[in-house]
Each structure stands twice: as C-alpha cells, then as structure tokens.
Amino acid sequence: MWRYVEISVFYFKPNIIDPFIIISYDYLKNQKKINLTEIRFFKSESDILEYIRINKFEMSNHKDDKERSILLQLENAINDYLTGIIIDLFEEMKSMDVLLDLRNKFKTDFSQKVINSLIKIRPGESTTYSDIAKKINSKAYRAVGSVLRNNPLPLIIPCHRVIKQNGKLGGFMGQMDEDWGTNLKRSLLKIEGNIISK
DNA sequence: TTTGAGCCGTGAT
DNA sequence: ATCACGGCTCAAA
C-alpha cells in the first residue's frame, strides 16, 4: 500500500548565521502536520534554487493555511534557537505539529542507538565519537561518525555536539568544504554557550 | 604536530 | 553479498 509522497521545500535566510537553510518536508493533509525530510545549509540562494531544480522539488505558492503557519513557526523556532532564545530545538519540536520520523531516518539498530544516545546530550554540552560508541557498548567510534555524517536533520538532531577525542571539532556537513562546515559547527556550539567553541 | 595502521557500520553496486 | 569509504583514534616519529 503506497502513499504518494510529494516532497515540498521551504527555505529562508536565518538571522545570525551566514548560510541559507532549506527544509524539505511533506505535508500530511489528514493530520495537518509536517513531516520533516531533511534540513540542509547552502551558501547562497542560487545554490538552493539549483538544488531545488535538480531534485524537482515542489515550491508551491498555494500552501494550506495550516501548512504555512507550521512553516512559519519552524522558521521562528530556528531563528530563536540561533539567537539563544530557545535552548533546545529538539524539545521544541515536540510542542509543534512537526514530525521527525526518526524510525524511518535511522533504520539500523546501530544508528538508532547512536541517535538515542546523542539526543541525551544537552545544549551547551559536548561529547565525543568514542564516548557515544562506549555508551552503546560498541567500539565502532568510526562508524558513529558515519551515522552522524548522514544525519538528515542537523540543528534538531544535535550532531554538532559531537567532537573529537583530541579536542578538535571534527567534521560537519560532510559534503561541503571542511572549513565551512567546521566553522558552522563552531558557531552552533558557541550559540549554545559551549566552552569548547572558543 | 603529522602519519599511518586499525576499526566497523554504511550505502552503493 | 561485496567493498570502498569515512564527521575517528591511538601510538609512534
């Protein structure tokens, strides 16, 4: 039994940080909720438009009122988080009509454990790849990085709070050039008041 | 501080 | 079923 899922996108320029944010989602009309698919960062608006074109995403102007209001709430929540007004974005999502559908995003036993362990790390705190592995009784610290690399919901799933054992920040947003990703990671930690970020 | 070998789950094929 | 590939670590140089 298939449900036809049409992925829509919504993007905006957040305050505080440089990159644009694009959110892909599908709107569940019957539940009047938004099911998040992915959050990505782009350096420019033209990069986003290119991305939308290539993936043939829907940029409908005729959004349901409810859909529109959830998106606005989401944008506000992210901005509030980036300015330090909202502390915990993951918690905040629970009070909104937003579904994360983590079961579907992290299908393997290992990746689910990684994520479950990760979301216990509070804002302002940090942990390491190897610590996460230890907590789930595994030695696969390298594979922890692989899971986080594929995190489709950065910011909300706080993979930026995971850094290297040696105190360096480690990667962020795999596909982009590393300085850019690392700087963004540092900004996020800083916003949360993490002492690591100085 | 840099290098190199070991590690182990993923995603692509 | 493979297999190459990392958001990593540790030790050695």
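So you know, we letter chains A, B, ... as the sequences are listed, proteins then strands, and number each from 1.
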Rounded to whole Å, NZ of Lys168(A) lies from C1' of dT3(B) at a distance of 13 Å
When the ring centroid of Tyr25(A) is compared with that of Phe10(A), is the distance short of 6.0 Å? no
What are the two closest heavy atoms between Gly124(A) and Arg161(A), and how far apart are they? N-NE, 4.5 Å
Geometric class of the Phe41(A)/Phe172(A) ring pair [parallel <30°, tilted 30-60°, perpendicular >60°]: tilted
Do the two ring centres, one from Tyr11(A) and one from Phe42(A), sit under 6.0 Å apart? no
Separation of atom CE in Met173(A) from atom P in dG6(C), rounded to whole Å: 16 Å
Can you sort out the partners of Lys56(A) under side chain to side chain donor-acceptor pair (under 3.5 Å), two or more places apart, ordered by chain and number? none
Quick check on dT9(C): is either OP1 or OP2 less than 4.0 Å from any side-chain nitrogen or oxygen of Ser130(A)? yes
Taking CG from Leu148(A) and C1' from dC5(C), how many angstroms apart are they, rounded to a whole number? 16 Å
Stems formed with participation of DNA chain C [Watson-Crick or G-U wobble, under 3.5 Å, three or more pairs]: B:1-6 with C:8-13, B:8-13 with C:1-6
Under the criterion salt bridge (charged side-chain N to carboxylate O under 4.0 Å, His left out), I'd like the reasoning laid out for Arg68(A) against Asp64(A): C-alpha separation, chi angles, the key distance, then a yes or no. CA-CA 6 Å; Arg68(A) 191 188 302 277; Asp64(A) 187 298; over 6 Å; no
For Lys135(A) and Ser117(A), work out which heavy atoms get closest and say how close. CD-OG, 3.8 Å
Using whole Å, report how far NZ of Lys164(A) lies from P of dA11(C). 16 Å
Between the protein and nucleotides 7-11 of chain B, which nitrogen or oxygen pairs are less than 3.5 angstrom apart?
residue	atom	partner	partner atom	Å
dT10(B)	OP1	Thr108(A)	OG1	2.4
dT10(B)	OP1	Ser111(A)	N	3.1
dT10(B)	OP2	Thr108(A)	OG1	3.4

Would you sort out whether Trp180(A) and Lys43(A) count as a side chain to side chain contact (heavy atoms under 4.5 Å, CB included), showing the intermediate values? CA-CA 9 Å; Trp180(A) 199 83; Lys43(A) 287 179 183 173; 3.4 Å; yes
